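Each remark here refers to the structure printed beneath this line.
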Amino acid sequence: MSARIIAVSNQKGGVGKTTSAVSLATALAVAGHRVLLVDLDPQGHATLALGFDKSALTISIYEVLAEDLSAQSAIAQSRVPHLQVLPANQHAAGLELLLGQVEQRETKLRDALAPLRDRYDYILIDCPPSLGLLTLNALTAAQSVLVPLQCEFLALEGLAQLMQTIQLVRGRLNPGLRLEGVLLTMYDGRTNLTREIEREVRAYFQAPPSGLGLPRTPGAVFQTVIPRSVRLAEAPSHGIPISEYDPGSTGALAYATLAQEVLAHG
């Protein structure tokens, strides 16, 4: 069977996007599934979070998209069994500009990943915190989008814009693209604000379709929420995923539960 390709995307930074991409990929791999994590963010934080030295990489996502090298040639094995990485290095910052100058710019990533789909069960793409050409490539290549959403004031402000982008991609480039789910991150159930935001987000997807992006459904928000966690924040600085850094922590357990929800989606 071909891999399910999931883009992890939110144009707002600081919402736990890379943490979610790395931690979910790791949790799926720990569950025994073959996983490829694609670091499409020029910052390369997913690459760093899994312990790779960006400066030592000779082949990365840049060479794959800019120089048409095979994606297989750039893939590296992580410290986690069953989890491989298509990493980003310091050259990735030039990708956005370069893609704007080539033909078929929106489908470069899709074409690069096509030969790999039979080798994995899941391919997760860590997108940049923007809605530029790199994110457009991810949405064109993916079957679904997972949206980390921080539990803070005006959390829904950028959600409509992302939904409009998804709708645009569905209409022009990828008709099968769907919403994998919205993931509430940095959740603190002790505060009234967090609980209010959760109610607002879940209500947003229970309302009738309004033309803003994908049809809203009651199940569009994951039941799993990701708590605020010092251990989650610490793990990337050690280059170790949370499942190894502190497997019994609330963050590690939450992402393991999220993986089961994703697996249940089929």
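For this chain, numbers begin at 1 and follow the sequence in order. Given the structure is predicted, the values throughout are model-derived calculations rather than measurements.
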Within one Ile-Leu-Val-Met-Phe-Trp-Tyr cluster: Met186 and Val225, side-chain cutoff 4.5 Å:
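Different clusters: Met186 never reaches Val225 through Ile, Leu, Val, Met, Phe, Trp or Tyr contacts under 4.5 Å.
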Cluster link Ile61 to Leu98, ILVMFWY, side chain under 4.5 Å
yes
Do the side chain of [X] and the main chain of [Y] share a donor and acceptor less than 3.5 angstrom apart?
X      : Y      : answer
Lys108 : Leu134 : no
Arg105 : Gly100 : yes
Ser78  : Leu83  : yes

Could you check whether [X] pairs with [Y] (Lys NZ or Arg NE/NH1/NH2 to Asp/Glu carboxylate O, under 4.0 Å)?
X      : Y      : result
Arg231 : Asp246 : yes
Arg172 : Glu106 : no
Asp126 : Lys17  : yes
Glu180 : Arg178 : yes
Glu152 : Lys12  : yes

Name the one of Ile125, Leu24, Leu179 that satisfies side-chain contact (heavy atoms from CB on, under 4.5 Å) with Leu146?
Leu24
No-hydrogen, no-angle side-chain donor-acceptor test under 3.5 Å, [X] and [Y]:
X      : Y      : value
Tyr187 : Glu198 : yes
Thr224 : Tyr255 : no
Asn137 : Thr107 : no
Thr194 : Asp188 : no
Gln84  : Tyr120 : yes
Ser237 : Glu234 : no

Please find the pair of heavy atoms, one from Ser20 and one from Leu183, that lie closest to each other, and give the distance.
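That closest heavy-atom pairing would be OG-CD2, 3.6 Å.
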Of all heavy-atom pairs between Ala46 and Thr18, which one has the smallest distance, and what is that distance?
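Taking every non-hydrogen atom into account, N-CG2, 3.5 Å.
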Whether Tyr245 and His238 hold their rings parallel, tilted or perpendicular, with breakpoints at 30° and 60°:
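Taking His238 first and then Tyr245, their aromatic rings lie parallel (interplane angle under 30°).
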Compute the ring centroids of Phe222 and His265, then answer whether they are less than 6.0 Å apart.
yes
d(Thr58 OG1, Glu63 CD) to nearest 0.5 Å is 7.5 Å
Please say whether more than 12 non-hydrogen atoms of neighbouring residues, nucleotides or ligands are located less than 6.0 Å from CD in Gln104.
no
